[in-house]
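Everything below concerns the one structure shown next.
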There are 2 protein chains.
Amino acid sequence: MVSIKDIARIADVSVSTVSRIINNKKGVNLEKQARVLQAIKSTGYVPNKAARDMVMKRTFTVALIIPDTFNIFQRQLFSNIEHHLQKFGYRTVFYFVAMGPDGEDDCFQRVKSERTDGIIMLQEIQLHAFYEYLESNKIPCVITTFEKDEWTSTSIHVSEEEAAHAAVNHLIQLGHRRISLICGKRYSFSLERKRGYRNALEYAGLKYDENLVVYVDSYSVLSGGEGMRELMKRNTPFTAVFAVTDELAIGAMRELKDHGISVPQDVSIVGFDDIEISSFTIPRLTTIRQPLGEMAQTSVAMIHSLITSENHLNVNIAMPSQLIIRESTSTLNGNAQDGT
Amino acid sequence: MVSIKDIARIADVSVSTVSRIINNKKGVNLEKQARVLQAIKSTGYVPNKAARDMVMKRTFTVALIIPDTFNIFQRQLFSNIEHHLQKFGYRTVFYFVAMGPDGEDDCFQRVKSERTDGIIMLQEIQLHAFYEYLESNKIPCVITTFEKDEWTSTSIHVSEEEAAHAAVNHLIQLGHRRISLICGKRYSFSLERKRGYRNALEYAGLKYDENLVVYVDSYSVLSGGEGMRELMKRNTPFTAVFAVTDELAIGAMRELKDHGISVPQDVSIVGFDDIEISSFTIPRLTTIRQPLGEMAQTSVAMIHSLITSENHLNVNIAMPSQLIIRESTSTLNGNAQDGT
DNA sequence: CTGAAAGCGCTTACAG
DNA sequence: CTGAAAGCGCTTACAG
C-alpha cells in the first residue's frame, strides 16, 4: 500500500511538502508540485484516512443515529440528509440503534470510539451519560424530528401535536364524530400525535373514548393491519380513523378492504408523514406532509455551522407541516357504516 | 479526551499492559487488571478507533456499495446485511454511489482511503481500475444480486432470467397472449429479466413484439405509472403485464386504476422482488420472491470467511427464487379487455 | 508477567 | 519555500 513516504521518495521531496500539496497549502515550488502530482497520479495514492483522522482529531464525518427499525419516512429523511452532508464534504456513518439499553450502549461506545465531527439524531436516546459526554466534549449535535426538553440542543422538527390536531380536525369538519386512533407507545412523536388527536376532539366538544384508541407495537404496515383488526373486534362503531403514520394507515386500509369495508365510503382514514407510496395507494392517502427536504437541508446546515463556528448557539426550529387531502377521506353521509 | 496513557497513569501500569487488557490477551496480573478496569470504568475510556485502525491495518468494518437511488428491495437487503455484519462484530459503512463516472470515482477514492476489511457490492461499478485495485491489494469482495463475468469473485444472486421466465410463464399459463413488459436499460438485473420475458414468450411459441415493451428511467413507483401511461398510448392491446420490479408494478396498477381498468379482471400484472408492501397493495401483488434474508446472511458469511481465511476461494452462488401468486393475476376470460 | 521502545501514516510547528 | 523532528494514540515484538 503506497504511503506518503513513497510519494516523497518518488518525487524527491520531503513528506512535509507532499503533505502541503495534498492539503492545498499555498507557497510550494511549482516544479516540485508537478513532480508529486505526477507521483500521486502514477501510483494512485490516496491518503490513509485513519492516520489523518488521528492526527487531525477530525474525521470529516457525521454520525446519523436512527432506530434500526426505521420506517419509510425516516429512510427518506436519512437518504436526504446523507446527500446534503456529502455536498458539504462530510461522510456519513449510520448508527442503527436497537431498542433498549444495550442498543443505546453500543451506540454510545461508537460515538466515543469513532469521534465523528458531529451527530445528527433521528432517534431519541435515553442514556443520560450520552448527553453528558456530548456536552463535556463539546460535540456538535442536532436533533431532528423531535425535541428533547431536558437537554438544550438545536432541534429541527414539525409541531407534531398541532399537525395531528389538523389531521383530526379535517375528519371532524367532514362530519365524523366517532374517530378511531391507531398509535403506539414508543417514541415521542406518537405520544404527541395522540395528544393532538385528543385536543382536536376536545376542542370540538367530542368525548375522548379509550375504546376508540388502539396501541400497536411498531409503526409498520403490518401493525396497521393488526391495529385495525383489534379495533373491529371491539364492537365500538367508528366512521373514521387517524393513524399516526402512513404505513399504519396503509395497513389499516388493507385490513378494511379484506372485511369488505370501503375507504372512504364507509370509513375515512388519514395518515401522517406523506411518504412516497401514499400518493400511489388505492385509494390515495390523505395525510400530513412533513417538509422532509427542508428538514434534511436545515439539519445539515445547522450541524455544519455548529462544527465550524466557535459559539454554539442552539436553536429550536419548528417547521410547517401541511394537510394533504387526497382520496381516503370523505364526508360522513347517510350510508356510512359503523365499521364493525 | 482520555487516552491509553491516562489509563496507564491512573492504574499505575504501562500502556502495554493496558493495551493487553483492552484486547483480552491472556496472562496479566489480576490485581493490575482490576486496577485498569477500574480506571477505564471511572473515566469512561474507549480506545480511539482511528489510532487502532492505523496501527492494526484493519478497520473491522465492511463497506456496502449501493446505488444512491436504491429501491425498496435494496433497502431491505442492506438493512439485513448490516444486521448480520453487526453480529459478526463488523461495522458497516455505506457508499451510496451516484450514477456515472464521478460517482464511481468518489466511491473508489473512499475504498482507497478508508481501507475497510472487505466490500459487499449491491451495485455494479464499471471503473476498471477499481477491480485492479481490489485484486492487487487482495481486498475481499462479495457481489450480491448479480454476477460479473469479467471478474472472478464470489457472488450471491438469484437466477434472474429463470425467475423472470417463471413469472411470464405464469401469465401464459393463465391464457394470456399479449403480455407487456415494463423494464429499464440500466443495471444488469433488468436486462436479464427482460431476457427471461423473451425466452418465456418464445418457449410458448409467442412472438416478441417491441410494441409491447416500454423502457423507463428508474425502477420506482413513479416510473411504473409513466411506463403504463406510455403503453396505453400505443394502442397495442395487451391483457397482462410483467413489471421488472414490484415498485414498477405498483405504479402501473395505480395508473390502470385511474383509467378505470381493473386488476386482475381486465389486466393481470406480476412484479419482481416481493418487497414488504406487495402483500398489502390493493389488489395484493403476484410476484417473484427473492430470498432476501438468505442472501444477506450468505453474503456476510462469505465476506467474513474471505476476510479471515487464507485461501480466497471464490464461489458463485445461485439462490432459488419463488413465484408468489396473489391477487393481481387471473385467467384470461371472455370479458377481458384490451387494456387500451 | 511487564515495561521501554519502535513504528503505523499522517500533520504541524520550528528552524533555516 | 522546505526539510527534520516531534507527536497523535494505539499495538507489538523484544528484553528482562
Side-chain angles (χ1 to χ4, degrees), chain A residues 1-37 39-40 43-61 89 91 109-117 137, chain B residues 1-37 39-40 43-61 89 91 109-117 137:
Chain A
M1 206 74 59
V2 23
S3 82
I4 195 171
K5 283 182 192 168
D6 299 313
I7 302 298
R9 189 173 33 72
I10 295 173
D12 194 30
V13 296
S14 72
V15 300
S16 310
T17 77
V18 176
S19 176
R20 285 188 191 99
I21 291 166
I22 290 169
N23 296 294
N24 301 308
K25 309 280 186 191
K26 70 283 167 187
V28 276
N29 181 324
L30 258 57
E31 203 206 327
K32 291 190 180 181
Q33 173 166 327
R35 289 214 304 273
V36 340
L37 256 23
I40 287 175
T43 57
Y45 168 73
V46 174
N48 181 320
K49 182 175 190 300
R52 178 178 255 174
D53 285 355
M54 186 182 70
V55 52
M56 297 187 77
K57 294 175 182 319
R58 275 202 59 181
T59 56
F60 306 95
T61 104
R91 289 168 176 167
Q109 295 303 102
R110 287 193 70 177
V111 341
K112 291 208 278 191
S113 108
E114 299 180 18
R115 320 266 165 100
T116 58
D117 292 353
N137 291 288
Chain B
M1 207 74 60
V2 23
S3 82
I4 196 171
K5 283 182 191 168
D6 299 313
I7 302 298
R9 189 173 33 72
I10 295 172
D12 194 28
V13 296
S14 72
V15 300
S16 310
T17 78
V18 176
S19 176
R20 286 190 189 98
I21 291 166
I22 291 169
N23 295 295
N24 301 308
K25 309 281 185 189
K26 70 281 168 188
V28 275
N29 182 325
L30 258 58
E31 202 206 325
K32 291 190 180 182
Q33 174 164 328
R35 289 214 304 274
V36 340
L37 255 25
I40 287 174
T43 56
Y45 168 72
V46 174
N48 180 321
K49 182 173 191 299
R52 179 178 254 172
D53 284 355
M54 186 183 71
V55 53
M56 298 186 76
K57 293 174 183 319
R58 275 201 61 182
T59 56
F60 306 96
T61 103
R91 288 169 176 168
Q109 293 303 102
R110 287 193 70 174
V111 341
K112 291 207 279 190
S113 109
E114 299 179 20
R115 320 267 165 99
T116 59
D117 292 354
N137 291 287

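From a predicted model like this one, the values you see are computed outputs, not experimental measurements. Lettering of chains follows the sequences in order, A, B, ..., and the numbering in each one begins at 1. What's counted below: heavy atoms across the whole structure, side chains too, no hydrogens, waters or symmetry copies.
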By nearest atom, which of the nucleotides dT2(D), dG3(C), dT2(C) is closest to the Ser14(B) side chain?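 The answer is dG3(C), which lies nearest to the side chain.
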
What does nucleotides 8-16 of chain D look like as a protein-contact string, B for base, S for sugar-phosphate only, - for none, at under 4.0 angstrom between heavy atoms? BBBSBB---

So CZ of Arg58(B) and OG1 of Thr116(B): to nearest 0.5 Å the spacing works out to 11.0 Å

Within-4.5 Å side-chain heavy-atom neighbours: [X] and [Y]:
X	Y	value
Asn48(B)	Arg115(A)	yes
Asn23(A)	Arg52(A)	yes
Thr43(B)	Ile10(B)	yes

For Lys32(A) and dG3(D), is the shortest distance between a side-chain N/O and OP1 or OP2 below 4.0 Å? yes

With Ile7(B) as reference, evaluate Ile40(B), Thr17(B), Ile22(B), Val15(B) under the side-chain contact (heavy atoms from CB on, under 4.5 Å) test and give the passing residue.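 Single side-chain contact (heavy atoms from CB on, under 4.5 Å) partner of Ile7(B) among Ile40(B), Thr17(B), Ile22(B), Val15(B): Ile40(B).
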
Can you give me the dot-bracket string for DNA chain D, 5' to 3', counting Watson-Crick and G-U wobble pairs with both distances under 3.5 Å, using [ ] for crossing pairs and | for partners on another strand? |||.||||||||.|||

So, Asn29(B) and Arg35(B): side-chain donor and acceptor under 3.5 Å apart, yes or no?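 Result is no, nothing qualifies.
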
Could you please spell out the steps behind the side-chain contact (heavy atoms from CB on, under 4.5 Å) verdict for Arg91(A) and Glu114(B)? CA-CA 11 Å; Arg91(A) 289 168 176 167; Glu114(B) 299 179 20; 2.9 Å; yes

Quick one: list whatever passes side-chain hydrogen bond (donor to acceptor under 3.5 Å, both in side chains) with Asp53(A), sequence neighbours left out. Lys49(A)

